[in-house]
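Following: one structure in structure tokens, then a few remarks.
In listed order, ligands and their atoms are each counted from 1. Index from 1, following the sequence.
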Amino acid sequence: MARVYNFSAGPAVLPEEVLQQAASEMLNYRGCGMSVMEMSHRSKIYQQILATAEADIRELMNIPENYRVLFLQGGAYQQFAAVPMNLMKNRVADYIITGQWAKKAWQEAQLFGTANAVASSADKGFSYIPDCSDLPISENADYVYICENNTIYGTKFHTLPNTKGKPLVADVSSCFLSEPVDVTKYGMLYGGVQKNIGPAGVVIAIIREDLITEDVLPGTPTMLRYKTHADAGSLFNTPPAYGIYICGLVFQWLKRIGGLSAIEARNQEKAAVLYDFLDSSDLFHGTVVKQDRSLMNVPFVTGDEKLDAEFVKAAEAAGFVNLKGHRTVGGMRASIYNAMPLEGVQKLVAFMKDFERRK
Ligand SMILES: *Cc1c(COP(=O)(O)O)cnc(C)c1O
């Protein structure tokens with residue numbers, strides 16, 4: 001069977017070139033006689049894979065020297081606890097609630113201290129990003145927290161909040177490496193890789209060095225301390241070794257195609273094809289305020305649940321899979337991450353036009 005166009009929100013499509021390379025190296029990685037899956041994480045050859053991956057993401061994102069790159073496990077979800085455990089020195093933090101992932105992080109932080117919701121877009125079903133230019137940031141807040149791209153709702157912070165000097169912590173799971181970023185604007189950014197970078201099981205955290213200290217909340221487990229992993233160069237214990245290797249191949253793919261400016265241009269072009277159609281269609285329409293639209297996750301509806309279900313089914317039969325919206329919001333969602341080719345979006349739009357014509 002041919003490969004389908006996979007619009008899953010995550011785990012998600014990966015570049016075909018990367019999958020082919022991984023397949024060709026599966027049994028015998030570059031003449032060493034074994035798979036990357038089988039080698040010691042302390043071996044020279046694996047350490048080279050890890051070091052190259054770190055160097056490549058540093059180059060791609062232009063990560064300054066005073067930031068550490070950590071390859072972790074536990075999903076983005078584990079960071080909802082690790083962030084307060086490591087950073088909540090005053091036990092106060094401010095959260096901006098733009099969807100379920102931000103809300104979950106905020107709720108988890110309440111286990112550890114005072115987590116204030118300083119802004120929210122819950123009033124309109126998280127269909128926009130609140131104005132964050134002058135929020136009531138707490139004087140003793142240890143950090144301000146955002147979910148930068150809201151995977152479920154399809155909104156994105158195109159302007160970062162004014163944190164009034166407090167470190168910004170951002171969950172970038174679903175927009176990681178989708179466009180150039182200014183890392184210096186963050187105290188920490190992190191994400192699960194299964195949306196835009198690699199297989200589930202790896203979390204990449206990029207943290208300003210001065211925020212990585214021994215002064216963590218009492219009871220913070222060794223494995224959840226950033227310092228543990230920073231001091232050990234992400235080799236404190238067995239890392240998700242094969243997953244990191246695939247992330248490394250994706251970094252190299254990104255470098256080959258021209259880095260983050262090039263992928264941003266591709267992503268803008270792809271998103272425009274879909275959004276332009278949604279804006280002109282009589283049947284389908286987007287659900288998000290225009291200026292806050294995500295380049296990665298595009299939710300849309302017909303306004304009729306039965307018709308939505310019919311569309312999802314017909315699309316699947318035609319090879320466009322995983323278009324069903326998140327189970328909590330319904331409708332449709334096309335996730336068009338880095339590895340989704342332009343052709344996939346063009347063909348989807350052609351299919352949508354045809355579906356509309358037949359209605
Ligand atoms: C998918 C997702 C998560 C959850 O990630 P897990 O790795 O399953 O814990 C958190 N935040 C965002 C923005 C996501 O897209």
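To the nearest 0.5 Å, atom CG of residue D171 and atom CE of residue M188 are 9.0 Å apart. Taking OG of S261 as the start and CZ of R266 as the end, the distance is 12.5 Å to the nearest 0.5 Å. With rounding to the nearest 0.5 angstrom, the CG atom of L323 is 5.5 Å from the CG atom of L348.
A cation-pi arrangement is found for K104 relative to W101, the charged atom lying closer than 6.0 Å to the ring centre and inside a 45° cone about the ring normal. Geometrically, K124 engages Y128 in a cation-pi contact, judged by NZ or CZ lying under 6.0 Å from the ring centre and within 45° of the ring axis. Annotation: cation-pi pair K44/Y46 absent, no NZ/CZ under 6.0 Å from the ring centroid and within 45° of its normal.
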Tabulate distances under 3.5 Å between N/O atoms of ligand 1 and N/O atoms of the protein, writing both atom names on each line.
residue, atom, partner, partner atom, Å
ligand 1, 7 (O), A76, N, 3.0
ligand 1, 7 (O), Q194, NE2, 2.8
ligand 1, 9 (O), A76, N, 3.1
ligand 1, 9 (O), Y77, N, 2.8
ligand 1, 11 (N), D171, OD2, 2.6
ligand 1, 15 (O), T151, OG1, 2.4
ligand 1, 15 (O), K195, NZ, 2.5

